[in-house]
> 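The structure that follows is given in the form of structure tokens.
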Amino acid sequence: MNTSLASPRTLDVALGERSYPIHVGAGLLQDPRLLRSHLAGRQVLIVTNETVAPLYLDILKQGLDGDLEVQELILPDGEQTKTLATVTRIWDALLEAGFNRRCTLIALGGGVIGDMTGYAAACYQRGVAFIQVPTTLLAQVDSSVGGKTGVNHPLGKNMIGAFWQPRAVIIDTRTLDSLPERELSAGLAEVIKYGLICDLPFLAWLEEHMTRLRELDADLLSEAILRSCRIKADIVAADETEQGVRALLNLGHTFGHAIEAHQGYGNWLHGEAVGTGMYLAALLSQQLHWLAQVEIERVGAVLRAAGLPLSAPANMNAAAFLEHMRRDKKNLDARIRLVLLRGLGDACLYDDTSPILLEQFLQECPRD
Ligand code: NAD
Ligand code: GLY
């Protein structure tokens, strides 16, 4: 294994006084100065889970010895643990350690740990600092950037939460070496999403390099992460609290969140549900005569090449989809708002789908 530290590449999320850097590089977990430079004070709580802790907690902690007061909290793993009850354990740990407003939370893990730690930071003593150290591809290209934090509710995905920006995002691309193949595919769904919503050349690049990305080619993965983070950072800078353009980042998510909630959190991975959701969004766009058959085949091929499912679960009928879709956060005035594709690389928000057409579409869409 090559243990030398490459110089990180840094992007900025431009949000005025809440701006922050995204550092991307191989071996960044072993660079204590980087992490230390973003701490708010001396008190630090590292939040991670029982899968990630044995892999990376010691490496991270090595850089935080000496003058700092460092605590760790190792949570159980899994999307089904992304609940208010689990976040309460983070608050318990902070209070038991006597942490004050100048403490810093470090989220070491995937999107579940990042979303919960960010939400805990948003609420603890009305808001303290946190740093994202994402270790899944999905978290590196999406969930660690942009400040959406929160938990699931039995009635809906990510229904409880807050916008709370991290102080920094530190992406060590070497953490992907230990990521299970299925999780890599789930992360690729969000990468493909950026191409589909606004960057056709990036989509073509992904089509060309998908095999080597799945073989963990380090240079290509770094480029995919940087290009994804650049797009996300720009969209977040333009619309931090999702009043407009940021909603486009939800391509596939309205269908996807319905699948995740209906199947029981954790049974379909978030990225898998988003992959299928993006395919369904493309098929619905075709019904509106926005996409041609050749473009549908292209969307299907790139998702399949990434190892993602294209069919809705057999046990989900239209009514099951609609029950969840009616509660989607994007909806206004009881109309279901979807992100659809006017063309490849050209997403739009659409709330004019006739209920009858939508129900028929969901009844007839591809199923396992
Ligand atoms: P996850 O956090 O559950 O991680 C996936 C699995 O990989 C877990 O078992 C985890 O323990 C394990 N893991 C993490 N890093 C590893 C590593 N380096 N090596 C081996 N195993 C590792 O899932 P995820 O896909 O990272 O994130 C999904 C979550 O993110 C969902 O809850 C979703 O709603 C949320 N999300 C949030 C945003 C946002 O903007 N906040 C955006 C997209 C997704
Ligand atoms: N993942 C969607 C967003 O951050 O807005």
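Numbering of ligands and ligand atoms starts at 1, following listing order.
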> In the protein, what heavy atom is nearest to atom 28 (C) of ligand 1, and what distance, to one decimal place, separates them?
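In this structure, atom 28 (C) of ligand 1 has Leu138 CD2, 3.8 Å as its nearest protein heavy atom.
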
> Considering distance alone, does some N or O of His253 sit under 3.5 Å from an N or O of ligand 2?
no

> Is a salt bridge present between Lys232 and Asp142, judged by a nitrogen-to-oxygen distance below 4.0 Å?
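Asp142 and Lys232: salt-bridged.
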
> If you measure from the Lys or Arg side-chain nitrogens to the Asp or Glu carboxylate oxygens, is any gap between Arg174 and Asp172 under 4.0 Å?
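The answer is no: the pair does not qualify as a salt bridge.
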
> Is it true that Lys232 lies under 4.0 Å from ligand 1, counting heavy atoms only?
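Lys232: in contact with ligand 1 (<4.0 Å).
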
> Heavy-atom pairs closer than 4.0 Å: do any link ligand 2 to the side chain of Asp142, the backbone, both, or neither?
side chain

> Would you say ligand 1 has an N or O under 3.5 Å from any N or O of Thr149?
no

> Is there any N or O on Leu55 that sits under 3.5 Å from an N or O of ligand 1?
no

> Among all the protein's non-hydrogen atoms, which is closest to atom 20 (C) of ligand 1, and how far away is it?
Ser178 O, 3.1 Å

> Does Glu215 come within less than 4.0 Å of Arg212, counting only side-chain N to carboxylate O?
no

> Pro180 near ligand 1, heavy-atom distance under 4.0 Å?
yes

> If you measure every N/O of Arg246 against every N/O of ligand 1, is any gap under 3.5 Å?
no

> What are the atoms of ligand 1, with element, lying closer than 4.0 Å to any heavy atom of Lys82?
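Counting from 1, the qualifying ligand atoms are 31 (C), 32 (O), 33 (C), 34 (O), 35 (C).
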
> Has ligand 1 got any nitrogen or oxygen that is less than 3.5 angstrom from a nitrogen or oxygen of Asp115?
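Looking only at distances, the answer is yes, because the N/O contact criterion of under 3.5 Å is met.
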
> If you measure from the Lys or Arg side-chain nitrogens to the Asp or Glu carboxylate oxygens, is any gap between Lys329 and Glu242 under 4.0 Å?
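Between Glu242 and Lys329 there is no salt bridge, as every charged N stays at least 4.0 Å from the carboxylate O atoms.
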
> Test your reading of the model: is there a side-chain donor-acceptor pair from Trp164 to the backbone of Val128, 3.5 Å cut-off?
yes

> Does Asp65 pair with Lys61 as a salt bridge, N-O distance under 4.0 Å?
no

> With a cutoff of 4.0 Å, is Lys157 in contact with ligand 1, counting heavy atoms of the residue only?
yes

> Taking 4.0 angstrom as the limit and counting only heavy atoms of Glu79, give me the atoms of ligand 1 inside it, by number and element.
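What qualifies from ligand 1 is 29 (C), 31 (C), 32 (O).
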
> Does a side-chain N-to-carboxylate-O contact under 4.0 Å join Arg298 and Glu207?
yes

> Counting heavy atoms only, name the option from Leu184, Thr81, Asp77 that's nearest to atom 8 (C) of ligand 1.
Asp77

> At the 4.0 Å heavy-atom cut-off, does Glu190 count as touching ligand 2?
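Contact check Glu190 vs ligand 2: negative.
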
> Run the contact test for Tyr265 against ligand 1 with a 4.0 Å cut-off on heavy atoms, strictly below, and give the result.
no

